Protein chains: 2
Amino acid sequence: MAIELTTAQALQLWHDVNLELVRDDQPDLTSRQTSILLTIYLEAPPHTVRGLAQKLGVSKPVITRALNAMGKLDLVRRRRDDEDRRNVLVQRTVNGALYIEYLADMLARQAQGVRP
Amino acid sequence: MAIELTTAQALQLWHDVNLELVRDDQPDLTSRQTSILLTIYLEAPPHTVRGLAQKLGVSKPVITRALNAMGKLDLVRRRRDDEDRRNVLVQRTVNGALYIEYLADMLARQAQGVRP
DNA sequence: TAAGATAAAAACGGAACCGAAATGAAATTG
DNA sequence: CAATTTCATTTCGGTTCCGTTTTTATCTTA
């Protein structure tokens, strides 16, 4: 069951979602931060800085800084890998799960409102 | 014909779209810039700095700066309003229309790929 | 026409982010 | 066990964005 969406509907949905993200009082995440956050919450662990950098096609410092920012917001958490202490494992938080839930509900609601 | 999308599907779609935006070599727009751009291209003119600021719930300098940035990318253009020369009218460009088209196609393609 | 109102931009200091290069810590290899 | 590799972070200079405040230009109105 693929989702059939005309390009006009897709644009309108993108517009409405972005507008709500700007207008709400949730923290504003960049595309990179959003990609990282959703990768962590949608894909199976473990998630390392190196792995995330490869998946997104960006440098490792970009991941480090994004983790700093999202760590401050309590959306993700770092933990040293005990198997290989060079690695940092990125983990979920309760607050991050709540944010994801907000995002998912908003997206589904906006999609619901798409007009033919 | 509303678009039915589970929250899980919505999240996956959001993830995939953001990931592609990070990975492509198109200019990276912020949520605010995207909202402004799509407002200009989806809603009827005229578009003024003041009107855009109100619609997005942000200050006017935010709009001015976003227009500077998107003007450099040739995505939008300013024109003085001849009726009231205090106003700036924001207008579309060919390059902006091409960017919108790229965005729309990518979104529709990603939506097409959503799995039940 | 002088005074006030309005629209946009500019200026300012502070915060965040960028890519590239250097550093620190831990594991691996010869 | 010394040298090298790997992983993540820090640092650097530069750019961009933020909110607030000030300035400039234009219009309205008393």
Side-chain angles (χ1 to χ4, degrees), chain A residues 18-19 21-40 45-91 99, chain B residues 18-19 21-40 45-91 99:
Chain A
N18 273 281
L19 192 55
L21 286 177
V22 169
R23 296 184 63 105
D24 69 16
D25 43 2
Q26 299 284 327
D28 259 13
L29 300 190
T30 66
S31 290
R32 290 174 173 195
Q33 289 170 347
T34 302
S35 291
I36 294 170
L37 188 67
L38 288 180
T39 297
I40 293 163
H47 302 290
T48 64
V49 173
R50 179 171 165 282
L52 291 168
Q54 265 184 337
K55 172 172 277 286
L56 271 70
V58 298
S59 68
K60 288 190 290 180
V62 166
I63 304 296
T64 293
R65 284 185 288 245
L67 294 181
N68 290 344
M70 292 194 293
K72 258 185 212 165
L73 296 170
D74 193 29
L75 297 175
V76 299
R77 194 175 19 155
R78 282 177 169 98
R79 170 157 302 179
R80 273 288 160 189
D81 183 355
D82 282 331
E83 308 281 314
D84 182 341
R85 297 191 54 74
R86 291 173 300 181
N87 288 333
V88 159
L89 304 179
V90 187
Q91 301 185 312
Y99 179 81
Chain B
N18 273 282
L19 191 54
L21 286 177
V22 169
R23 296 184 64 107
D24 70 17
D25 42 3
Q26 299 284 327
D28 258 14
L29 301 190
T30 66
S31 290
R32 289 175 172 192
Q33 290 171 347
T34 302
S35 291
I36 294 170
L37 188 68
L38 288 180
T39 297
I40 293 164
H47 301 289
T48 63
V49 173
R50 180 172 165 279
L52 291 168
Q54 265 185 338
K55 171 171 279 286
L56 271 69
V58 299
S59 68
K60 286 189 291 181
V62 166
I63 305 295
T64 292
R65 284 184 292 242
L67 294 180
N68 290 343
M70 292 193 292
K72 260 186 213 163
L73 296 171
D74 191 30
L75 296 175
V76 299
R77 193 174 21 150
R78 283 178 169 99
R79 169 158 302 181
R80 274 288 161 188
D81 184 355
D82 281 330
E83 308 280 313
D84 182 342
R85 297 190 53 75
R86 292 172 302 181
N87 287 332
V88 158
L89 304 180
V90 187
Q91 301 186 313
Y99 180 82

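Computed from a predicted model, the values in this text were never measured in an experiment. By convention in this document, chain letters (A, B, ...) are assigned in the order of the sequence lines, proteins followed by strands, and residues within each chain are numbered from 1.
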A.B. asks: Can you measure A:L52 atom CG to D:dA8 atom P for me and round it to whole angstrom units?
C.D. replies: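 Atom-to-atom, A:L52 to D:dA8, this comes out as 9 Å.
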A.B. asks: Where the side chain of A:R65 is defined as all heavy atoms beyond and including C-beta, which of D:dT11, D:dT10, D:dT20 is the nearest nucleotide?
C.D. replies: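 Of the candidates, D:dT11 comes closest.
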A.B. asks: For B:R78, look at atom CZ and say whether over 12 heavy atoms of other residues, nucleotides or ligands are found less than 6.0 Å away.
C.D. replies: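 Result for CZ/B:R78: enclosed.
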A.B. asks: Just to be sure I understand the geometry, which residues of residues 74-89 of chain B put a non-hydrogen atom under 4.0 Å away from DNA chain D?
C.D. replies: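 Within residues 74-89 of chain B, the residues near DNA chain D are B:D84, B:R85, B:R86.
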A.B. asks: Between P on D:dC17 and CE on B:M70, what's the gap in Å once rounded to a whole number?
C.D. replies: 10 Å
A.B. asks: OP1 or OP2 of C:dA7 versus the side-chain N and O atoms of B:R50: is any pair under 4.0 Å?
C.D. replies: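 Checking B:R50 against C:dA7: at least one side-chain N or O falls below 4.0 Å of OP1 or OP2.
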A.B. asks: In this structure, how many angstroms lie between the C1' atom of D:dC17 and the CZ atom of A:R32, rounded?
C.D. replies: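 Rounded to whole Å, this separation is 15 Å.
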A.B. asks: Are OP1 or OP2 of C:dA8 and a side-chain N or O of B:T64 less than 4.0 angstrom apart?
C.D. replies: no
A.B. asks: Extract all donor-acceptor atom pairs below 3.5 Å that involve side chains of residues 50-62 of chain B and protein atoms in other chains or at least two apart in sequence.
C.D. replies:
| residue | atom | partner | partner atom | Å |
| --- | --- | --- | --- | --- |
| B:K55 | NZ | B:E43 | OE1 | 3.3 |
| B:K55 | NZ | B:E43 | OE2 | 3.3 |

A.B. asks: For A:Q33 and C:dA16, is the shortest distance between a side-chain N/O and OP1 or OP2 below 4.0 Å?
C.D. replies: no
A.B. asks: Whole-Å distance between D:dT16 P and B:I63 CD1?
C.D. replies: 19 Å
A.B. asks: Just how far, in rounded Å, is P of D:dA8 from CG of A:L67?
C.D. replies: 10 Å
A.B. asks: For B:D28 and C:dA16, what is the distance between atoms CG and C1' respectively, to the nearest whole Å?
C.D. replies: 15 Å
A.B. asks: So if I take every side-chain heavy atom of B:K60 and compare against D:dG19, C:dA8, C:dG19, which nucleotide ends up nearest?
C.D. replies: C:dA8
A.B. asks: Roughly, in whole Å, what's the span from CG in B:L29 to C1' in D:dT16?
C.D. replies: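 Those two atoms, CG and C1', are 14 Å apart.
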